[in-house]
Participant: 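One structure, as structure tokens, below. Some questions next.
Residue numbers start from 1 in every chain, and the chains themselves are labelled A, B, ... in the order their sequence lines are given, proteins ahead of strands. Model, not experiment: these values are computed from the prediction.
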Amino acid sequence: MMSHRFYEWLAMLAADNANLLNMALFGLFIVLTWEAIRLWPPSLQTWLRAGVLIIGGVCYVAFTALALYVLVAASL
Amino acid sequence: MSLLRRWPFTFWWLLVFEVGTLLRAWQLTGARMWYDEINTWWWASLPIERTIAATAADVHPPLFYLVEWASLRLFPAGTAPELAMRAPSLVLSVLALPLLFLICRALKVSNAVTLGATLIMALSPAQIYYAQEARMYALLQAEVLLALWAVLTRRWWLVALALTAMLYTHNYGIVYAAVLLCLAVGRDVMEDRTLPARAILIGFGVPLLAFVFWYGVLSHQVATVKETWWTQATGLGDFIGPFYGHVFFSSPMGMFIPICQIVAYGLAGFALFKAMQRVRTDCTGLMLAYLILAPMLLAVGIEAVYRPIYLTRALIGVAAPLYMLIAWAITDRVDVAKRAFAWGVFAPLLVVSLLSYYPAELQFKGWGYSGAGPVIDRLQPGDIVYHVNPGSLVQFHYDWQQADTPQYLAPNSPGSLGTLSTGTLQAMGVQQAALESLQWRRAFVVWNAGPNTSLSEDAEMQSLLDRYPHEQIDANELGWQYDVTDGGVWLVWH
């Protein structure tokens, strides 16, 4: 028989597992989106790729800047 | 690119190697040793037959502990245990970089891919963590890489040597040996070559024969550990965990974690996709994908018939192929702009995770309840220290300098998971006895309860406190956001 600590730990492991899975799906979604652009008419592909790159770039920079800010703020 | 071309490849590779070496050596002794490292130190400090006995009654084969046994005696007396115990891992982790280089040469990948893979390995916080840990994972990785290079270059006696060492280092050695055997056989079948049966027999038969000395011990470990093993069933997220864990590691980087995870999984997914796409023209990606996925799948297969064994750290043998696959996917036959884009997304995150590694490691290894401080402050002649489980006893071994004060351990509580066995405790020279059978006036009762501590131990502890007058002098409050730890230190008297 295990204590409540064991079941709290299982909940922690399940949360980690779900989190890893969500992020993996998100990462794969981005890769597949990029690859799926090949299926669109050639005239649209350049615009779609530019759109994905701009949105992705803005999100990446914004998220990284925010994360850096939090990291620096936490260390002060 | 012009900057890269101005100096020869060897210059850049040596520069990356140098940076990787310095990063592994920096702060080597900065963090305190954690529970598993203290056990390594304790076992390595015993006479050699007791080192082997302690290992045999635990869960691992003995080679790494023998390396540590030798390391402890090679360093002058008085050397900090952190240095003597972590030095072998540091050397082996540094050695992994040239081994990676040799494998890249054997696979005939370009200089750019070789440089990229070495860069990822040099900067990965996961690699630096294992380089600075007194555990067997840097040794296991070096052995896997040596065996892989020997298989690729058909050096069969070297295969035999590396696999024998691997089997005696970690039980996952069996997984890697099976994967490398299939690679050796499969490659010749695909290339329509006659199977070099004698060579395969040397490379893979000799290690099996050499392992015969430990096979009986392994069978006993497998049978006894099955009921008290602590890992839990592998979910899909855990299964793909090595793609993230071996690149960015799991240091507490706050908001960087999701972005690193997305990039790690995106890169791994893209690299595997490209490996499948290129399979008709270039088998490099396929072979690397096999070296990554086969050990992971085999571990899950063993889990299906035995019990949960899947551990990201034991899958360190897939790390180098993962670095090569990622470097290959974003470099090989990729035009300069796309290459710059991919490295531009990936490299800054790698650097940030590396920078956050050092403070995170101090925090991680500092985690673990000792309780030695409050005891030392109140110690009087004639006092004894009584540990309810081995957790605090091992921590005391590191923090405790009061050799004259007797320490005892309660007899093993049934139902607790992952605790040291009676055989290991005997080899360590631990005195196990019930508190009522001992002579004492004042006793410090130390109880360190984690998630794997059973209810029977909670009940034993409560019953002990019901029998004697007591005062709690310290509490274990290391529960993160979850309430996963309990316990503290009680001063108990007759």
Participant: Identify which part of B:Phe273 has an atom lying under 4.5 Å from any heavy atom of chain A, answering side chain, backbone, both or neither.
Facilitator: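 Interface part for B:Phe273: side chain.
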Participant: What is the minimum heavy-atom distance between A:Ala24 and B:Ile240, and which atoms define it?
Facilitator: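 Heavy-atom minimum between the residues: CB-CD1, 3.2 Å.
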Participant: Does CE in A:Met1 sit with more than 12 non-hydrogen atoms of other residues, nucleotides or ligands closer than 6.0 Å?
Facilitator: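 Incorrect, the count does not exceed 12.
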Participant: Let me know if B:Phe341 has heavy atoms under 4.5 Å from chain A in its side chain, its backbone, both or neither.
Facilitator: side chain
Participant: Give the member of A:Leu10, A:Asn17, A:Asn19 that has the highest number of heavy-atom pairs under 4.5 Å with chain B.
Facilitator: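 Maximum pair count with chain B is reached by A:Asn17.
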Participant: Is any side-chain heavy atom of A:Arg5 closer than 4.5 Å to a side-chain heavy atom of B:Asp458?
Facilitator: yes
Participant: Using heavy-atom distances under 4.5 Å, tell me whether B:Ala268 contacts chain A through its side chain, its backbone, both, or neither.
Facilitator: neither
Participant: Is A:Leu32 close to chain B through its backbone or its side chain, or both, or neither, when contacts mean heavy atoms under 4.5 Å?
Facilitator: neither
Participant: Nearest heavy-atom pair of B:Gly344 and A:Tyr60: which atoms, and what distance?
Facilitator: O-OH, 4.0 Å
Participant: Find out whether A:Met23 and B:Tyr244 are in side-chain contact, i.e. whether some heavy atom of one side chain is under 4.5 Å from a heavy atom of the other.
Facilitator: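 Sidechains of B:Tyr244 and A:Met23: no contact.
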Participant: Looking at CG of A:Leu21 and CG of B:Asp238, how far apart are the two atoms once the value is rounded to the nearest 0.5 Å?
Facilitator: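 Atom-to-atom, A:Leu21:CG and B:Asp238:CG are 9.5 Å apart.
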Participant: Is there a side chain to side chain contact (heavy atoms under 4.5 Å, CB included) between B:Tyr265 and A:Leu28? Walk through the geometry before answering.
Facilitator: CA-CA 7 Å; B:Tyr265 289 125; A:Leu28 286 177; 5.5 Å; no
Participant: So which heavy atom on A:Trp9 is nearest to which on B:Trp230, and how close?
Facilitator: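 Taking every non-hydrogen atom into account, CH2-O, 3.4 Å.
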Participant: Is the shortest heavy-atom distance from the side chain of B:Gln261 to the side chain of A:Phe26 under 4.5 Å?
Facilitator: no
Participant: Between atom CZ of B:Phe243 and atom CG of A:Leu20, what is the distance when rounded to the nearest 0.5 Å?
Facilitator: 12.0 Å
Participant: Over all heavy atoms of both residues, which pair between B:Ile262 and A:Ile30 is shortest? Give the atoms and the distance, please.
Facilitator: CG2-CD1, 3.7 Å
Participant: Contact part of A:Leu25 toward chain B, heavy-atom cut-off under 4.5 Å: side chain, backbone, both or neither?
Facilitator: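 When you check distances to chain B, no heavy atom of A:Leu25 falls under 4.5 Å.
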Participant: Between B:Ser456, B:Pro359, B:Ser454, which shows the greatest number of heavy-atom pairs under 4.5 Å with chain A?
Facilitator: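 Result: the option with the highest number of such pairs is B:Ser454.
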Participant: Taking C-beta and beyond as the side chain, do A:Met2 and B:Leu417 meet within less than 4.5 Å on heavy atoms?
Facilitator: yes
Participant: At a heavy-atom distance under 4.5 Å, which candidate from B:Ala449, B:Pro414, B:Pro348 has the highest pair count against chain A?
Facilitator: B:Ala449
